[in-house]
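Step one of this worksheet: look at the structure below.
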Number of protein chains: 2
Amino acid sequence: MLEEGYAAVTSRRVAAKAQLKPQLVHYYFRTMDDLFLAIHRRRVEQGLERQARALASDQPLWALWDYSRDPRGTALTMEFIALANHRKAIRAEIAASAELFRVEQVSGFSRLLEQHGMRSEEIPPIVCAVLLSSISRFLGIEHEALGMSRGHAETVAFVEGFIRRLEGDRAIARAEEPVHAITIAD
Amino acid sequence: MLEEGYAAVTSRRVAAKAQLKPQLVHYYFRTMDDLFLAIHRRRVEQGLERQARALASDQPLWALWDYSRDPRGTALTMEFIALANHRKAIRAEIAASAELFRVEQVSGFSRLLEQHGMRSEEIPPIVCAVLLSSISRFLGIEHEALGMSRGHAETVAFVEGFIRRLEGDRAIARAEEPVHAITIAD
DNA sequence: GTCTATACCGAGATAGAC
DNA sequence: GTCTATCTCGGTATAGAC
């Protein structure tokens, strides 16, 4: 999915990676869409968990910002959005999970901005959530898909200046969680 | 491309739309990548022209914002970015044109922000350019690919409040240019 | 659960006649 | 410039044996 796009993920190639026959992919998942949905559900579960941990950490803004910018996440997420765009059978479920992430973020931001004494008429929490997602996703797309980074450093500095005013300097280094291989057992 | 993604654009289907034989697609463009590049070049040409007109208009910020948010543009642009992501032969050219749009925007913003008496240490022009692109693209993706719009109205209002402080109310309605059919003559 | 076999479709691309 | 014909490849999916 990452290297050639979801359309390049075929039962034959999946089977080859797993050193099995293509027919087994259909045995386990029936259709390719079922396979994509299975992967997506696993990602959503892990992602919501990780986002909740970020929001509950000592520096929620820093943690959420770093998590949103994680290149391993953004690239695959964009691929699933592309998938949703073109396969209407899958679209509803992907959209629903995206809403879920946003709702969780908004309730997190509401709490946070209140703690820092910001009036919600000034910057509503939901606007914060949308802005954070927009910027992190877009920089990720440009960088990973096009290898382009003009203005990225300046924009990151701008956003981080804002976070720093609320939470001070980043206390811990950006987390690097290992990417584990996907197996049928998952 | 819009309905099923670039991967669904095949010589056979293109030919069928044009009521011709698939082999003629190869006659005119040799490979499918050549066809995609031809379409892309035409879009870049028209897009740069339109962006220049926006920047030269009476309300450049409003015009650029409206142009960037045009749903007809964003959806296809995302498809080309996905294409660039997965076809390294095409990637360089798409990235180069994206840089071109950004560079033009930055020089526009530099002029504009100066006119409105904003210090560039506060919000550098290049950050404005990246933010504008990020927000408009991201809202477009969510809306068109997922049919999702939670927080969009609030975010649009937030951005437009910023523009309004500089340029006052939007003087003209958002432009709606007709989409013309693509023919071989193009 | 894994295999062989197979049906069926559609892709990109080229050769060569007209 | 458009056609017919054709090559080669790879895709989804199912049936049925073991």
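Below, chain A is the first sequence line, B the second, and so on; all start at residue 1. Source: prediction; values computed, not measured.
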[X] [atom1] - [N] [atom2] separation (whole Å):
X        : N       : atom1 : atom2 : result
Phe29(B) : dG12(C) : CZ    : P     : 14 Å
Met32(B) : dG10(C) : CE    : P     : 16 Å
Leu20(A) : dT4(C)  : CG    : C1'   : 15 Å
Gln23(B) : dT4(D)  : CD    : P     : 8 Å
Leu35(A) : dA13(D) : CG    : P     : 11 Å

Toward the 5' end of DNA chain D, by each residue's nearest nucleotide, Thr31(A) or Lys21(B):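 Between the two, 5'-proximity favours Lys21(B).
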Would you mind telling me which of [options] lies closest to the side-chain atoms of [X]?
X        : options                   : result
Thr10(A) : dT12(D), dC3(C), dA13(C)  : dT12(D)
Tyr27(A) : dT4(D), dG1(D), dT2(C)    : dT2(C)
Arg30(B) : dT12(D), dT14(C), dG1(C)  : dT14(C)
Ser11(B) : dG12(C), dG10(D), dA13(C) : dG12(C)
Leu24(B) : dT2(D), dT4(D), dT2(C)    : dT2(D)

Indicate whether any N or O donor in one side chain lies under 3.5 Å from an N or O acceptor in the other, for [X] and [Y].
X        : Y         : result
Glu3(B)  : His86(A)  : no
Ser97(B) : His40(B)  : yes
Gln51(B) : Gln105(B) : yes

Heavy-atom donor-acceptor pair, Arg12(A) side-chain to dG11(D) base, under 3.5 Å: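 Answer yes: a donor N or O sits under 3.5 Å from an acceptor.
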Side-chain N or O of His26(A) closer than 4.0 Å to phosphate OP1/OP2 of dA13(D):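 Affirmative; the distance criterion is met.
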Mutual orientation of the aromatic rings belonging to His143(A) and His152(A) [parallel < 30°, tilted 30-60°, perpendicular > 60°]: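 Because their plane-to-plane angle lies in the 30° to 60° range, the rings of His143(A) and His152(A) count as tilted.
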